[in-house]
Amino acid sequence: MKPFVIFIFIAAGGNAIYHIGQKTLAATANPMVILMGAYGFAFLLSAAAAPFFQGTAVTSYSAQVLNWPVAALGAGAFLIEIGFLFFYRTGGSLQWSGIAVNGLAALMLIPVAIIVYREPLSVGRLLGILLTLAGLALIIRK
């Protein structure tokens, strides 16, 4: 088995746990307090795991953290959290939310992938885009 398959399952398991946690949050709790608690717990887990993941960088932790890609990651995570929190609070469905959000995000990333990262666009990928659009249309239909 290829190593990335293990990581796909770890990410999928984490995603499932994440959505169950989001869906079961108290509707009356302050969303910002919830985020502080969730990211506080994630910080503790990351701090405990950090010694096991030594990188090749010889720079300090602060030099690795204080840069725009890390800020972008944090901002993106914040928007994901808030988006799902309010999605579920307004009656959003657990069964299709992840698929819809990931499909829409993938579509939003296509121009970036092509223009910035010079990734090729093929007939197969165009068909995938059309299938994603069709799937999104079917998912959000009532």
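None of these values were measured; they are calculated from a predicted model.
- No side-chain donor-acceptor contact under 3.5 Å links Lys23 to the backbone of Ser93.
- Follow the hydrophobic side-chain contacts under 4.5 Å out from Ile99 and you reach Ile140 in the same cluster.
- Taking CD1 of Ile110 as the start and CG of Leu107 as the end, the distance is 5.0 Å to the nearest 0.5 Å.
- The minimum heavy-atom distance linking Arg89 with Pro31 is given by the pair NH1-CG, 3.8 Å.
- If you chain together hydrophobic residues whose side chains sit under 4.5 Å apart, Ile34 and Tyr88 never meet in one group.
- Each of Val116 and Leu121 belongs to its own hydrophobic cluster when Ile, Leu, Val, Met, Phe, Trp and Tyr are linked at side-chain heavy-atom distances under 4.5 angstrom.
- The shortest side-chain heavy-atom distance between Thr132 and Leu104 does not fall under the 4.5 Å cut-off.
- With hydrogens and angles ignored, the 3.5 Å screen pairs a side-chain donor or acceptor of Arg125 with a backbone N or O of Pro120.
- Residues Trp96 and Leu94 are members of one and the same hydrophobic cluster, defined by side-chain heavy-atom contacts under 4.5 angstrom among Ile, Leu, Val, Met, Phe, Trp and Tyr.
- Contact check for Phe7 versus Ile10: side-chain heavy atoms found under the 4.5 Å cut-off.
- Val33 shares a hydrophobic cluster with Met36; the chain of contacts runs through ILVMFWY side chains whose heavy atoms sit under 4.5 Å apart.
- No donor-acceptor pair closer than 3.5 Å links the side chain of Asn15 to the backbone N or O of Ala11.
- Minimum heavy-atom separation, Pro51 to Ala47: CD-O, 3.5 Å.
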Give the table of side-chain donor-acceptor pairs shorter than 3.5 Å for residues 66-86, with sequence neighbours excluded, one pair per line with atom names and distance.
{"residue": "Asn67", "atom": "OD1", "partner": "Val70", "partner atom": "N", "Å": "3.1"}
{"residue": "Asn67", "atom": "ND2", "partner": "Gln64", "partner atom": "O", "Å": "2.9"}
{"residue": "Glu81", "atom": "OE1", "partner": "Tyr18", "partner atom": "OH", "Å": "3.3"}
{"residue": "Glu81", "atom": "OE1", "partner": "Gln22", "partner atom": "NE2", "Å": "3.1"}
{"residue": "Glu81", "atom": "OE2", "partner": "Tyr39", "partner atom": "OH", "Å": "3.0"}

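- Listed for the Arg141 side chain is no donor-acceptor partner under 3.5 Å among the backbone atoms of Leu136.
- Contacts of Thr28 classified as side chain to side chain donor-acceptor pair (under 3.5 Å), with partners at least two apart in sequence or in another chain: none.
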